[in-house]
There are 2 protein chains.
Amino acid sequence: MLFSKTCEYGIRAAVYIASQHDKDYKIGITEICEKIEAPRHFTAKILQILTREGLVSSQKGVNGGFFMDEEQMNRPLIALVEAVEGTEALSRCGLGLRACSEKEPCPLHNKYKAIRTNIASMLTGITIGDMAKKLQKGSSFLKIA
Amino acid sequence: MLFSKTCEYGIRAAVYIASQHDKDYKIGITEICEKIEAPRHFTAKILQILTREGLVSSQKGVNGGFFMDEEQMNRPLIALVEAVEGTEALSRCGLGLRACSEKEPCPLHNKYKAIRTNIASMLTGITIGDMAKKLQKGSSFLKIA
DNA sequence: TAAATAAAAGATGTTTTTGTCCTTTATTGC
DNA sequence: GCAATAAAGGACAAAAACATCTTTTATTTA
């Protein structure tokens, strides 16, 4: 509902990569997609975007793969969501009205604005690294079913 | 982001119908779609759903059209959203994990749960009639652009 | 330098969502 | 009863999202 599939896979992939940060090898797309149970080629495309945007690093060739440094792990989740969904996605009118504003609000404007603020603060208040840490601690999971 | 187009058009149509509640005639699909600037045939389909679910009333034939009674106007917005998106739409895991639960939470679970609660209370705390009233008062609008 | 490897890139295919069109059914007013 | 009207319903079409497959490019290591 809140995130597209693209965004879901992107978050799961990034969090998994971050969770392997202490490993001494880079993580291949095959391992990533097995672990997060996501479609391989589609997820590869999404990782291309994240790599292009600098949210994830990659290396081609033998022993290549994906990885993240400390700085990348410290990026808030909102950076990833905006990279994937576009920056305006989080500020659109709930009823799809371009004209919706403080001056000409839609009938849901004020309530929706509060929700948007909540969403933004959720996404700003957590980093990829934070999420990875939960995974490592075993206090959260990426299991599908 | 939060609502599908189907849902957006459905809300706008229902709110417009409700806002015409005091009129002595029923509202035709043509008028509705002009006023809410929504695609005519698509919106007609959505109104079929809302009518089937009893959220809106309709009458065929000469001088027929759509209308809502007091009881329908008092339905919370969440009833409409659930009719259109399905009842589970509002309770799915943010990262798309079926297994996500209190016992096996995804790394976003707790924060996302809070958002979902906010969304649910927004949708429960406002009725179609409330939204229509804002329109009538001129304190809010359904203008696209 | 050559072979192997793994991501990047581009083309293509499928499914879902969004949107249109045409026929049928119910209702009204004459 | 008949013509007109308006929603209901079904078939179809376009666009977007989701997903796959193949080729290219960069890198490593033997």
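A, B, ... follow the sequence lines: proteins, then strands. Residue 1 opens every chain.
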**OP:** List the steps, then state whether side-chain contact (heavy atoms from CB on, under 4.5 Å) holds for A:Met68 with A:Arg75.
**Re:** CA-CA 11 Å; A:Met68 288 172 76; A:Arg75 298 296 300 279; over 6 Å; no

note: B:His41, atom NE2; C:dT23, atom P; distance rounded to Å ~ 13 Å

Contact check, residues 5-19 of chain B vs DNA chain C, heavy-atom distance under 4.0 Å, returns B:Lys5, B:Thr6, B:Tyr9

### Task
Taking atom types as modelled, find out whether A:Glu104 and A:His109 have a side-chain donor-acceptor pair closer than 3.5 angstrom.
no

Between CZ of A:Phe42 and C1' of C:dA8 the distance, given in whole Å, is 16 Å

Review point. Is A:Arg12 salt-bridged to A:Glu37, going by a charged N under 4.0 Å from an acidic O?
Key: no

Quiz item: What nucleic acid atoms does B:Ile27 come within less than 4.0 Å of, heavy atoms only: base, sugar-phosphate, or nothing?
Solution: sugar-phosphate

The reported gap from CE in A:Met131 to CG in B:Leu108 (rounded to nearest 0.5 angstrom) is 4.5 Å

Rounded to whole Å, the CD1-P distance (B:Ile46 to C:dT18) equals 8 Å

Exercise. Select base, sugar-phosphate, or nothing to describe what A:Ile29 touches, counting heavy atoms under 4.0 Å on all strands.
Key: sugar-phosphate

| query | Do A:Phe141 and B:Cys106 come close enough that some side-chain heavy atom pair is under 4.5 Å? | reply | no

Inset, instruction - Quick one: label B:Lys45 by what it contacts on the DNA or RNA (base, sugar-phosphate, nothing), any heavy atom closer than 4.0 Å. - result: base

Rounded to whole Å, CE of B:Met1 lies from P of C:dT17 at a distance of 17 Å

Residue pairs meeting ring-ring contact (aromatic ring centres under 6.0 Å, His included), one or both in residues 24-44 of chain A, sequence neighbours left out, come to A:Tyr9-A:Phe42

Expected list for residues 48-73 of chain A near DNA chain D, using heavy atoms below 4.0 Å, is A:Gln59, A:Lys60, A:Gly61, A:Val62, A:Asn63

Between CD of A:Glu31 and C1' of C:dT5 the distance, given in whole Å, is 16 Å

Between CG of A:Leu47 and C1' of C:dA6 the distance, given in whole Å, is 13 Å

Query raised in the report: So, does A:Glu85 use its side chain to make a donor-acceptor pair with the main chain of A:Ser4 at under 3.5 Å?
Result: yes

Return yes if some donor-acceptor pair links the side-chain N/O of B:Arg116 with the main-chain N/O of B:Arg92 below 3.5 Å, else return no.
-> yes

Between the NE2 atom in A:His21 and the CG atom in A:Asp69, the distance rounded to the nearest 0.5 Å is 6.5 Å

